[in-house]
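Okay, structure first, notes after.
Only this structure's heavy atoms are used, side chains among them; waters, hydrogens and symmetry mates stay out.
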Amino acid sequence: MSKDILLAVTKLTKRFGGLAALSELTIDVERGKVLGLIGPNGSGKTTFFNLITGLYEPTSGAVVFDNEAITGMSAQDVHRRGMSRTFQRSRLLLPLSIFDNIALGHHMRQSHGLWANLFARKRMLGEVKQCCEEARELLAVFDPDLAGDMSRPVEGLPMISRRRVEICRALVSRPKLLLLDEPSAGMTHDETMRLVDDILLVKERSSDLAVVIIEHEMSVMERITDHCAVMNFGTMICEGTYQNVAQDPQVQEAYLGGE
């Protein structure tokens, strides 16, 4: 049986002057599966995210998403096609409320333009109400307390709650592919394991959702991934199940520190 490939990346390369941040990376992401990207800092993982989401333009190579070529598309156009992400460093607007931050992720699904905002008031209010309901439903999966009061400013929340809000902001657009860039950054081990439970619950509720996760916490990769790809110096050095890549000598030398 052939695999249902959602994202197909072929020989993707990005050069900054004479430096190859990513070199001829070829990788597939299956619909409904979780791919883990492993590698030391500077190995090209976040560059890969920036290329496929349209923040960077590739030097060469091709990106096909849901059977459509998206190489070189703007970040807005990529997002409209169903790709959403979080960032290693928080991009939340701290003075704004939980709801306001999540509503930013709903932006692409709303009506736009002067006419819609001034004259189609009923439709606009309906969209705001729908966004509020969806935000509350998503938050309830992660933390019912957050869902109970979405008017709180984000700046008063602990790190795990901020991460949950970021993930909900990415999910409210109903993506086909969710990209998570080191979601456990700044959290304790216990908080990380709780966040993994949240992500697994989201996957259980959305079986078609594909996820690519960058993470340095190996216990996260072991629990959450179906497949792993290991990168070093902008190239892939190994891929397979977590158990297989963790035992690979190249991986142990480059990332896990050897025996």
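- With hydrogens and angles disregarded, no donor-acceptor distance shorter than 3.5 Å links the side chain of Asn232 to the backbone of Ser43.
- Cation-pi contact between Lys14 and Phe16: present, with separation from the ring centre below 6.0 Å and deviation from the ring axis of at most 45°.
- Within 6.0 Å of the CD atom in Glu57, the count of heavy atoms belonging to other residues, nucleotides or ligands does not exceed 12.
- Val64 and Leu51 are not part of a single hydrophobic cluster, where members link through side-chain heavy atoms under 4.5 Å apart.
- Considering all non-hydrogen atoms of both residues, Ala229 and Glu239 come closest at CA-CB, 4.1 Å.
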### Query
When you look at Leu93 and Leu104, which way does the side-chain contact (heavy atoms from CB on, under 4.5 Å) test go after all the steps?
CA-CA 10 Å; Leu93 299 177; Leu104 291 174; 3.7 Å; yes
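- Going from atom CG of Leu146 over to atom CG of Leu139 covers 5.5 Å, rounded to the nearest 0.5 Å.
- Judged by distance alone, with hydrogens and angles left aside, the side-chain atoms of Thr13 form a donor-acceptor pair with the main-chain N or O of Glu24 at under 3.5 Å.
- A donor-acceptor distance shorter than 3.5 angstrom exists from the side chain of Lys45 to the backbone of Pro40, with no hydrogens or angles considered.
- Without hydrogens or angle criteria, Thr26 side chain to Lys11 main chain gives a donor-acceptor distance under 3.5 Å.
- Taking CG of Leu177 as the start and CZ of Phe65 as the end, the distance is 5.0 Å to the nearest 0.5 Å.
- One finds the CD atom of Glu166 at 11.0 Å from the CD1 atom of Ile102 (value rounded to the nearest 0.5 Å).
- Taking both residues in full, the closest heavy atoms of Thr86 and Ala170 are given as CG2-CB, 4.3 Å, listed atom of the first, atom of the second, then distance.
- Contact of the Ile167 side chain with the Leu195 side chain is registered, since non-hydrogen atoms from C-beta on lie closer than 4.5 Å.
- Ile70 is not connected to Ile5 by any chain of hydrophobic side-chain contacts under 4.5 Å among Ile, Leu, Val, Met, Phe, Trp and Tyr, and they are in different clusters.
- Counting only heavy atoms from C-beta outward, the side chains of Asn50 and Arg85 approach each other to under 4.5 Å.
- Contact of the Met221 side chain with the Val245 side chain is not registered, since no non-hydrogen atoms from C-beta on lie closer than 4.5 Å.
- Remark: the backbone N or O of Asp77 is paired with a side-chain donor or acceptor of Arg81 at under 3.5 angstrom.
- No donor-acceptor distance shorter than 3.5 angstrom exists from the side chain of Thr47 to the backbone of Leu22, with no hydrogens or angles considered.
- Between Pro183 and Glu215, the shortest heavy-atom distance links the atoms CD-OE1, 3.4 Å.
- Considering only heavy atoms from C-beta on, Ile27 stays 4.5 Å or farther from His227 through its side chain.
- Around atom CZ of Phe233, no more than 12 heavy atoms belonging to other residues, nucleotides or ligands sit under 6.0 Å away.
- Distance check: Ile199 CD1 to Arg164 CZ gives 10.0 Å after rounding to the nearest 0.5 Å.
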### Task
Starting from the C-alpha separation in whole Å, work towards a yes-or-no answer on salt bridge (charged side-chain N to carboxylate O under 4.0 Å, His left out) for Lys33 and Asp28.
CA-CA 11 Å; Lys33 300 295 184 180; Asp28 293 335; over 6 Å; no
### Message
Between Asp197 and Arg223, is the salt bridge (charged side-chain N to carboxylate O under 4.0 Å, His left out) condition met? List the steps.
### Response
CA-CA 9 Å; Asp197 290 339; Arg223 283 190 60 198; 2.6 Å; yes
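- Note that CD1 of Ile160 is 13.0 Å distant from CZ of Arg162, once rounded to the nearest 0.5 Å.
- In terms of heavy-atom proximity, Leu209 sits nearest to Lys203 at O-NZ, 2.9 Å.
- Looking at Arg31 and Asp66, a side-chain N of the basic residue comes within less than 4.0 Å of a carboxylate O on the acidic one, giving a salt bridge.
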### Query
Yes or no on salt bridge (charged side-chain N to carboxylate O under 4.0 Å, His left out) for Asp198 and Arg194, after CA distance, side-chain angles and deciding distance?
CA-CA 6 Å; Asp198 296 338; Arg194 286 158 55 196; over 6 Å; no
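- Inspection of the Arg91 and Asn101 side chains reveals no N or O donor paired with an N or O acceptor under 3.5 Å.
- Of all heavy-atom pairs between His216 and Gly39, the closest is CE1-O, 3.2 Å.
- By the 4.5 Å heavy-atom criterion applied to side chains, Glu137 and Arg205 are counted as neighbours.
- Here the CE-OG distance, from Met159 to Ser184, works out to 11.0 Å after rounding to the nearest 0.5 Å.
- Nearest heavy-atom pair, His79 versus Gly105, reported as atom, atom and distance to 0.1 Å: NE2-O, 4.1 Å.
- For the pair Glu191 and Arg163, the salt-bridge criterion is not met [side-chain N within less than 4.0 Å of a carboxylate O].
- Taking 4.5 Å as the limit, some side-chain heavy atom of Leu200 sits within range of a side-chain heavy atom of Ile224.
- Checking side-chain atoms of Ser84 against main-chain N and O of Leu178 turns up no donor-acceptor pair under 3.5 Å.
- A 4.5 Å side-chain heavy-atom check between Met231 and Ile38 finds every atom pair outside the cut-off.
- In this structure the side chain of Leu55 never reaches within 4.5 angstrom of the side chain of Phe49, judged on heavy atoms.
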